[in-house]
Amino acid sequence: MSSEHTDEAAGSVDFIREKINADNATGKFGGRVQTRFPPEPNGYLHIGHAKSICLNFGIAADYDGVCKLRFDDTNPEAEDQDFVDGIIEDVAWLGFAPDEVVYASDYFDQLYAWAESLIERGLAYVDDQDAETISANRGGFTTPGVDSPWRDRTPEENLALFRGMRDGEFADGEKVLRAKIDMNHENMQMRDPVLYRIRRAHHHRTGDQWIIYPTYDWAHGQSDAIEAVTHSICTLEFDTHRPLYDWCLEHLDLPHETPEQTEFARLNLTHTVTSKRKLKQLVDDGVMSGWDDALMPTLRGVRRRGYPAAAIRAFMDHIGVAKTNSTHDIELLESFIRTELNATALRRMAVLRPLKLIITNWPDGEVDLREAINNPEDDSAGVRQVPFGGALWIEEDDFRLDPPPKYYRLTPGREVRLRAGYFVTATDAATDADGNVTEVYCTYDPATAGGQAPDGRKVKSTIHWVSAAHAIDATVNLYNRLFTDPHPGSGGSDPFDSLNPEAREAVAAKLEPALGDVAPGQVVQFERLGYFAADLDDARVFHRTVGLRDEWANIQKRRQNS
RNA sequence: UGGCCGGUAGUUCAAUUGGCAGAACGCCUGAUUUUGGUUCAGGAGGUCGCAGGUUCGAUCCCUGCCCGGCCAGCCA
């Protein structure tokens with residue numbers, strides 16, 4: 001069986017695995033473990049779903065069990081095949097292989113048959129009240145509900161009516177099938193919940209075969225039971241549905257042991273939203289170019305953005321699972337992204353805000369090839385040649401006419417290292433009418449080729465550069481927090497009020513020639529700047545995955561605050 | 001307003017029948033470094049939601065209260 005989560009550190013497993021261990025100890029499911037990941041195909045998966053995916057597939061792997069991907073497609077109105085295909089893709093991208101891809105709609109026949117059996121047992125009835133009336137008669141938290149006038153129809157009458165619903169004898173919304181439980185139950189879910197409704201909508205899989213569709217409550221537990229799921233793991237908001245989940249299964253003849261539902265807290269992240277509804281709105285409103293916009297917290301979005309699947313998995317492993325409502329700092333996720341990318345990403349040089357640096361004593365027209373290390377964390381990544389000349393692009397930020405305290409970079413009279421190149425000393429700078437630096441002049445020391453002085457003298461900093469004569473032009477998309485509020489929508493506010501107007505910025509960057517060569521989606525480190533992903537479709541576009549930790553930024557922030 | 005679920009460093013999670021409150025990320029200091037990155041060493045940071053009670057001893061057990069989340073769709 002497994003190592004990582006079961007025996008490694010007894011007592012440090014999460015409460016769900018603890019429960020599974022307990023079930024295995026009593027032989028409740030004969031030692032069998034089966035889970036499922038059950039998305040509704042009405043949108044694409046987001047980072048919050050990744051927690052559930054890792055949990056369900058992770059548990060199955062840990063216990064040598066089974067985990068299927070099941071589409072909860074009981075509401076045809078919002079669902080479609082594109083979402084199904086996208087979700088299958090996303091799960092695979094995250095690194096999981098479902099034992100099988102199944103659909104709640106596969107079980108429509110069985111679900112229907114079970115509904116008839118419930119009717120025969122006098123436990124369900126057809127209600128003629130309309131939706132508003134049903135809602136009004138449900139009562140409130142402190143007031144009892146009111147029985148429907150149709151609650152006591154005979155099984156025969158109910159059966160005939162239910163078949164009529166199925167056969168198209170009634171209009172949409174004219175009748176529903178309800179469980180007959182208790183209109184006075186303290187749990188609102190138990191006040192005769194709706195089991196079937198009439199909806200003349202085209203279903204992405206069953207087409208027009210059905211005009212009645214089961215509700216979540218009538219479909220979910222039964223689907224679990226049909227598939228022989230043992231541990232049905234869902235999010236906290238289904239907690240009040242658990243008695244209903246159990247009630248349904250209790251009154252049917254099941255092919256397997258009764259599955260048990262366990263709820264855990266969904267993943268929230270600061271400065272973003274993990275709600276399909278809100279993400280859909282961002283797409284519909286045109287704030288995002290699509291579900292796969294690199295700013296979207298969707299799996300497709302973060303993939304375009306360059307988040308490695310392995311880093312997401314490591315993050316999910318780290319945060320664990322509990323019942324405490326929680327919002328993780330998005331910085332924690334980013335630290336996992338950096339850890340993964342630091343080990344794997346090739347280093348390259350790119351200048352995001354180019355400033356011309358002229359080496360005044362460089363031999364006219366000469367081009368030098370400098371050897372640069374591809375990844376200091378990984379010797380096997382090798383080296384590359386980078387062309388060097390008398391005119392270079394350097395980062396605007398790397399030169400100051402008037403350096404603030406603790407500024408180590410280029411400034412008149414100071415010597416710095418050009419990475420893998422030479423030591424240079426700034427001599428002068430040209431400025432425009434507003435005093436902005438337009439060009440910097442320097443001299444280089446030919447004896448420092450490769451970046452080291454034979455006399456052993458040191459420099460305080462190393463800066464990156466790109467040869468002006470060889471630079472590739474590219475668009476680099478910089479991203480900031482999607483929402484300025486760490487908790488968008490907190491305190492009853494409209495989450496969209498805190499949409500960050502500066503969430504994206506595109507700059508015209510200069511890249512070293514080797515960057516002409518990256519594969520679509522490949523993530524590289526632009527030295528001293530961060531990790532950047534080549535766009536999936538356009539080789540001349542890069543997306544900032546995440547910046548490097550930036551101590552200089554911290555120093556400046558501190559100075560500002562003091 | 002009733003019920004259910006929660007409340008432990010800034011954040012998220014740990015703490016094996018009641019026994020000196022820990023980790024990760026973030027922050028700070030130092031070392032290393034041809035990335036102000038990485039790595040390494042150290043540091044600051046807690047009224048265990050509050051108040052009572054039981055006990056030699058309570059984050060843990062009991063009672064009351066406070067705060068947060070969820071539930072009154074023919075969404076899932």
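Basis for what follows: all heavy atoms, side chains included, without hydrogens, waters or symmetry-related copies. Below, chain A is the first sequence line, B the second, and so on; all start at residue 1.
- Side-chain nitrogen and oxygen atoms of A/Arg347 include none within less than 4.0 Å of the OP1 or OP2 phosphate oxygen of B/U35.
- In this structure, the CD atom of A/Glu186 is 12 Å from the P atom of B/G2, given to the nearest Å.
- Side-chain N/O atoms of A/Arg197 include none lying less than 4.0 angstrom from OP1 or OP2 on B/G73.
- For B/A23, its base never sits under 3.5 Å from the side chain of A/His318 at any donor and acceptor pair.
- At the phosphate of B/G73, OP1 or OP2 sits under 4.0 Å from a side-chain N or O atom of A/Ser135.
- Comparing A/Lys458 and A/Ala265 against RNA chain B, the residue whose closest nucleotide sits nearer the 5' end is A/Ala265.
- Considering only side-chain N and O atoms, A/Arg417 lies nowhere under 4.0 angstrom from the phosphate OP1 or OP2 of B/U35.
- As judged by a 4.0 angstrom heavy-atom cut-off over every strand, A/Gly320 is placed among residues making no nucleic acid contact.
- The CG-C1' distance, from A/Leu236 to B/G6, rounds to 8 Å in whole Å.
- Contact annotation for A/Arg549: backbone-only contact, meaning every heavy-atom pair under 4.0 Å involves sugar-phosphate atoms and none involves a base.
- Between the base of B/G36 and the side chain of A/Arg409 there is a donor-acceptor pair shorter than 3.5 Å.
- Counting any heavy atom pair closer than 4.0 Å across all strands shown, A/Tyr196 reaches no nucleic acid atom.
- Picking from B/G26, B/C13, B/C71 the nucleotide with the shortest atom distance to the side chain of A/Glu331 gives B/G26.
- Using bins of under 30°, 30° to 60° and over 60° for the plane-to-plane angle, the ring pair A/Phe526/A/Phe532 lands in the parallel bin.
- With no hydrogens or angles considered, no side-chain donor-acceptor pair links A/Asn75 and A/Glu40 at under 3.5 Å.
- The side chain of A/Asn342 lies closest to B/U38 when the candidates are B/C27, B/U38, B/C74.
- An OP1 or OP2 oxygen of B/C70 is reached within less than 4.0 angstrom by no side-chain nitrogen or oxygen of A/Asn325.
- The existence of a salt bridge linking A/Glu227 and A/Arg70 is confirmed by a sub-4.0 Å separation between a basic side-chain nitrogen and an acidic carboxylate oxygen.
- B/A76: no Watson-Crick or G-U partner with both key distances under 3.5 Å is found in any strand.
- The cationic group of A/Arg178 does not satisfy the cation-pi geometry with A/Tyr196, failing either the under 6.0 Å distance to the six-membered ring centre or the 45° limit from the ring axis.
- Base pairing annotation: B/G68 forms a Watson-Crick or G-U wobble pair with B/C5, both donor-acceptor distances under 3.5 Å.
- For B/G30, the base adopts the anti conformation, since its glycosidic angle falls more than 90 degrees from zero.
- Remark: A/Thr240 is not in phosphate contact with B/C5, judged by side-chain N or O atoms under 4.0 Å from OP1 or OP2.
- Rounded to whole Å, the distance from CG on A/Asp329 to P on B/U12 is 9 Å.
- Considering only side-chain N and O atoms, A/Arg191 lies nowhere under 4.0 angstrom from the phosphate OP1 or OP2 of B/G2.
- Distances shown here put a side-chain N or O of A/Thr74 below 4.0 Å from the OP1 or OP2 atom of B/A76.
- The partner of B/U35, taking Watson-Crick or G-U wobble pairs whose two distances both stay under 3.5 Å, does not exist in any strand shown.
- If you take CH2 of A/Trp218 and P of B/A76, they are 15 Å apart, rounded to a whole angstrom.
- Summarising the geometry, the separation between CG on A/Asp239 and C1' on B/A76 is reported as 16 Å, rounded to the nearest angstrom.
- Each of A/Phe526 and A/Ser335 was assigned the nucleotide of RNA chain B with the nearest heavy atom; the assignment lying further toward the 5' end belongs to A/Ser335.
- Among the nucleotides B/C5, B/U35, B/A76, the one closest to the side chain of A/Lys323 is B/C5.
- Backbone-only engagement by A/Gln189 is indicated by non-hydrogen atom pairs under 4.0 Å involving sugar-phosphate atoms exclusively.
- Look at A/Arg266 and you won't find any side-chain N or O under 4.0 angstrom from OP1 or OP2 of B/G69.
- The base of B/G37 sits with one of its N or O atoms less than 3.5 Å from a complementary donor or acceptor on the side chain of A/Glu377.
- The structure places CG of A/Leu45 at 10.0 Å from CH2 of A/Trp291, a figure rounded to the nearest 0.5 Å.
- In terms of phosphate contacts, A/Arg338 brings no side-chain nitrogen or oxygen within less than 4.0 Å of OP1 or OP2 of B/U39.
- Heavy atoms of A/Ile134 sit under 4.0 angstrom from at least one base atom.
- Under a cutoff of 6.0 Å and an axis angle of 45°, A/Arg205 and A/Tyr103 form a cation-pi pair.
- If you look at A/Phe315 and A/His318, their ring centroids are not closer than 6.0 Å.
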